[in-house]
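Working notes, beginning with the structure itself.
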Amino acid sequence: MSRILGIHKYTHQQNTRGLVQQMLAAVRGNDWTNRSLGTPLVEFCWSGQRTPNIVEHEDIIVAIDGHVYNRKELGGHSNTDAALVANLYKQYGFKETLKHLNGDFSISLHDTNTKVTWVARDRFGIKPLYYIADPDHFAFASRPRALLCLPWVTKELNRAFIARFAASHYRYFDNTPHESPYRDIAQLPAAHLLCVENGKLTTDRYWSLNDLPDLEEPIPELAKRYRELLLDAVDIRLKEARRPIFSLSGGMDSSSVLACAVNLTTKAQHATSTVYSDATYDESDEIRSMLDMHVSEWHPVHIGTPNVLELVQEMLDYHDEPVATATWLSHYLMCRSVAEEGFDGLFGGLGGDELNAGEYEYFTFFFADLRHAGKTQLLTKEVDLWARNHDHPIFRKNTGVMENNLTRLTDLQNTGKCLPDLGRMRRYRATINAEFSYLDGFEPVMDHPFTSYLKNRTYQDLTRETLPCCLRAEDRHTTAFGLDHFLPFLDHRLVEFMFRIPGTLKIRDGVTKILLRDAMTNLLPRDTRTRVKKTGWNAPAHVWLSGQGRPPLMDLVHSKKFKERGIYDVKQVQMLIDEHETLVAAGNGEDNHMMFLWQLVNLELWLQWVEQDFQQPPST
């Protein structure tokens with residue numbers, strides 16, 4: 001629950017103090033402590049709750065947003081993480097210092113002797129960092145709006161981002177991790193550092209996952225190592241929490257984090273869950289198996305049919321950009337509720353699906369690995385059990401579907417290379433006006449550093465697809481309500497370990513998360529540990545955007561401003577709204593248009609937010 005920002009200017013033409021205060025006014029909380037340090041050319045500012053994490057130490061200025069968890073093993077007798085980083089920098093330099101840290105952070109450091117400024121972001125991008133550079137200045141901030149208020153920064157928007165958000169799928173919003181929704185504002189990608197020296201910017205990656213051989217120890221030994229790593233990841237984060245509460249869904253990931261905390265503290269913990277009146281995504285029944293032994297008090301957040309447009313407008317004021325999926329509206333209400341009850345730290349299970357192959361779509365890439373390895377009998381068995389455990393009247397699971405998925409989503413001639421889901425990506429292309437054609441030439445980057453299809457697919461989700469938009473929303477909401485957030489599955493030691501686990505220990509007999517299930521023996525209730533079906537943490541936006549939610553949606557789409565913007569073909573949008581209403585009313589589980597409509601609402605309200613805040617029409 002903090003923010004950092006700063007300016008490094010290359011001449012003495014303008015005082016940094018006034019500019020930094022202007023940036024600070026855009027992002028600080030009402031009850032936050034603010035502290036600035038600097039020189040005539042450089043000024044850094046930390047704003048937040050707790051002890052200010054900013055220090056000037058022997059000509060080194062450091063400001064940190066977030067936490068370093070391994071201070072003790074680094075000989076950290078410093079009062080703050082910032083002081084620790086200053087000491088480490090003197091020993092190792094900046095890049096090597098980052099490699100020593102286990103934490104969730106964005107860091108800024110200025111060396112007054114060399115006149116060099118460094119900034120960096122943690123390995124997974126849990127903490128955000130944006131920047132802008134021109135011939136006279138380098139400025140950075142935890143949120144875009146702090147940069148947008150600078151007099152030399154234009155409010156032009158990134159038209160390619162707008163096109164992706166308007167009519168693509170949320171998995172492709174962050175495919176270019178160095179971009180932001182604003183044309184002139186860049187994002188520092190996760191696991192990267194940036195150096196500013198003599199007016200020149202250079203970036204470098206300081207950490208990456210490598211394609212190392214799979215671990216071959218016996219399964220009980222690997223499960224033991226997994227358990228120990230996860231317990232320690234929870235433990236070091238618990239030491240930073242004061243009054244924590246645990247986000248609890250019906251799945252393995254959040255339940256495992258909670259179970260580890262109970263084991264470490266030998267006492268039940270507070271837990272919170274979103275509970276829906278619509279049963280589609282409600283996990284109340286699945287959650288109950290955790291309540292008796294692991295939860296001292298359950299804090300359900302009951303969500304009926306919220307006023308979507310009103311809440312999105314609230315959220316945008318904390319995001320500065322549109323919100324990827326409707327799940328995060330539920331998370332926003334959860335954060336507000338637990339903060340009102342006096343909690344100040346929220347633990348969650350983000351990252352667990354990517355590490356443990358927990359999503360249904362990972363089966364396809366597991367099958368591709370089996371085929372590539374020539375394991376024909378095992379492939380046949382696994383496809384049969386996949387169909388038996390997960391078949392659906394509409395979303396079928398069988399050999400034909402498997403073959404079609406392999407053809408569409410994998411390059412079987414290029415070992416390990418996954419392909420984008422073009423059908424999903426282009427499903428709503430017809431809703432965009434022809435002159436707004438930025439989607440036509442968009443080809444998603446599909447990284448493939450591994451020889452395994454499954455590893456490449458989960459790596460893609462960690463770096464370019466599912467995780468970045470989730471981490472952004474998690475950060476904005478928790479910080480908005482004065483909460484720290486802790487995600488133990490994204491401890492880099494655990495991630496490195498799991499990327500050396502073979503797919504056959506992640507998926508087996510048509511069941512996902514195999515090694516995690518073994519590791520959690522005697523920690524999780526049997527019902528939770530052995531449950532095969534997965535609801536998934538989602539929100540019933542199909543209901544929110546139909547019925548009584550339809551009229552405000554129609555008003556938005558038929559408004560003069562929406563039509564004049566020229567992004568959407570209004571007739572095509574109207575057809576989808578009508579079809580969505582019909583599909584929801586039928587109630588047969590057929591795929592509806594809630595994700596597209598959620599994106600439309602967010603995009604339009606964000607564009608209005610930009611106009612209102614900055615009194616300048618966005619470049620759309």
Side-chain angles (χ1 to χ4, degrees), residues 124-125 158-181 187 189-190 208-209 211 322 324-325 351 353-355 357-369 371-372 395-397 400-432 436-472 499 503 507 536 591 593-596 598-600 603:
F124 304 102
N158 179 345
R159 292 170 66 89
F161 170 85
I162 291 173
R164 291 198 301 273
F165 205 97
S168 186
H169 189 273
Y170 79 89
R171 285 176 172 273
Y172 303 105
F173 299 165
D174 293 280
N175 192 257
T176 50
H178 60 280
E179 292 185 0
S180 87
Q187 247 191 122
S208 60
L209 287 166
D211 193 10
T325 69
D353 277 328
E354 290 81 359
L355 296 195
E359 297 288 356
Y360 285 141
E361 71 171 39
Y362 291 144
F363 278 101
T364 293
F365 307 97
F366 172 59
F367 298 153
D369 281 336
R371 172 160 290 177
H372 183 264
F395 307 107
R396 303 313 304 260
K397 312 289 189 297
V401 170
M402 181 270 291
E403 294 289 355
N404 181 56
N405 287 344
L406 290 183
T407 300
R408 292 189 307 112
L409 302 175
T410 66
D411 181 351
L412 293 174
Q413 306 305 313
N414 193 340
T415 304
K417 186 173 183 181
C418 305
L419 302 176
D421 188 337
L422 297 179
R424 181 163 63 184
M425 187 179 82
R426 297 170 179 168
R427 180 180 178 186
Y428 296 107
R429 175 63 185 86
T431 65
I432 300 293
F436 203 88
S437 57
Y438 292 85
L439 275 182
D440 294 344
F442 174 56
E443 295 184 10
V445 175
M446 302 294 293
D447 293 317
H448 50 105
F450 303 96
T451 54
S452 160
Y453 292 96
L454 179 59
K455 288 182 182 180
N456 283 326
R457 179 64 260 178
T458 55
Y459 179 81
Q460 182 82 5
D461 283 349
L462 278 174
T463 57
R464 293 183 186 269
E465 294 196 13
T466 56
L467 201 64
C469 63
C470 291
L471 291 176
R472 184 163 56 248
F499 269 82
I507 296 175
D591 199 13
H593 304 301
M594 70 175 186
M595 293 183 71
F596 168 77
W598 169 265
Q599 290 169 208
L600 179 147
L603 181 61

Candidate list T410, D411, L406, T407, test side chain to side chain contact (heavy atoms under 4.5 Å, CB included), partner L419, passing option: D411
Salt bridge (Lys or Arg N to Asp or Glu O under 4.0 Å) partners for D447, two or more places apart: R464
A324 and C469 have their tightest heavy-atom pair at CB-CB, 3.7 Å
Please report the closest heavy-atom contact between Q599 and S168, naming both atoms and the distance. NE2-O, 3.1 Å
Would you call R408 and E403 a salt bridge, taking side-chain N to carboxylate O under 4.0 Å as the test? no
Testing the basics here: between A166 and I432, what is the closest heavy-atom pair and its distance to 0.1 Å? CB-CD1, 3.5 Å
Would you say that D174 contacts R472 through its side chain, given a criterion of any heavy-atom pair below 4.5 Å between the two side chains? yes
Is the shortest side-chain N to carboxylate O distance from R427 to D591 below 4.0 Å? yes
Do Y453 and H448 meet the criterion of a side-chain donor-acceptor pair at a distance under 3.5 Å? no
Only residue of N456, T458, L409, N405 satisfying side chain to side chain contact (heavy atoms under 4.5 Å, CB included) with F365 is L409
Minimum heavy-atom separation for P468 and L462, please, with both atom names. CD-O, 4.0 Å
Where the side chain of D461 meets the backbone of E354, is there a donor-acceptor pair that is under 3.5 Å apart? no
Evaluate the criterion side chain to side chain contact (heavy atoms under 4.5 Å, CB included) for residue pair K455 and Q460; output intermediate values, then yes/no. CA-CA 8 Å; K455 288 182 182 180; Q460 182 82 5; over 6 Å; no
Distance from E465 atom CD to M446 atom CE, nearest 0.5 Å? 5.5 Å
Does the pair D440/R429 count as a salt bridge with the N-to-O cut at 4.0 Å? yes
Start with the C-alpha distance between D421 and Y172, add both sets of side-chain angles, then the distance that settles side-chain hydrogen bond (donor to acceptor under 3.5 Å, both in side chains), and finish with yes or no. CA-CA 10 Å; D421 188 337; Y172 303 105; 5.8 Å; no
Within the distance-only criterion (no hydrogens, no angle test), does the side chain of D369 pair as donor or acceptor with the backbone N or O of L454 below 3.5 angstrom? yes
Check: P444 main-chain N/O paired with N175 side-chain donor or acceptor under 3.5 Å: no
Lys NZ or Arg CZ of R164 over F442 ring: under 6.0 Å, within 45°: yes
OH/Y428 to CE/M595 distance, rounded to the nearest 0.5 angstrom? 8.5 Å
Using a 3.5 Å distance criterion without hydrogens, assess whether the side chain of D211 forms a donor-acceptor pair with backbone atoms of T451. yes
With a 4.0 Å cut-off on N to O distance, would you call E361 and R171 a salt bridge? yes
Applying side chain to side chain contact (heavy atoms under 4.5 Å, CB included), run through M402 and R371 and close with a yes or a no. CA-CA 11 Å; M402 181 270 291; R371 172 160 290 177; 4.2 Å; yes
Can you measure from SG (C418) to CZ (F450) and round to the nearest 0.5 angstrom? 11.5 Å
Verify the ring-centre separation between F161 and F165: is it less than 6.0 angstrom? yes
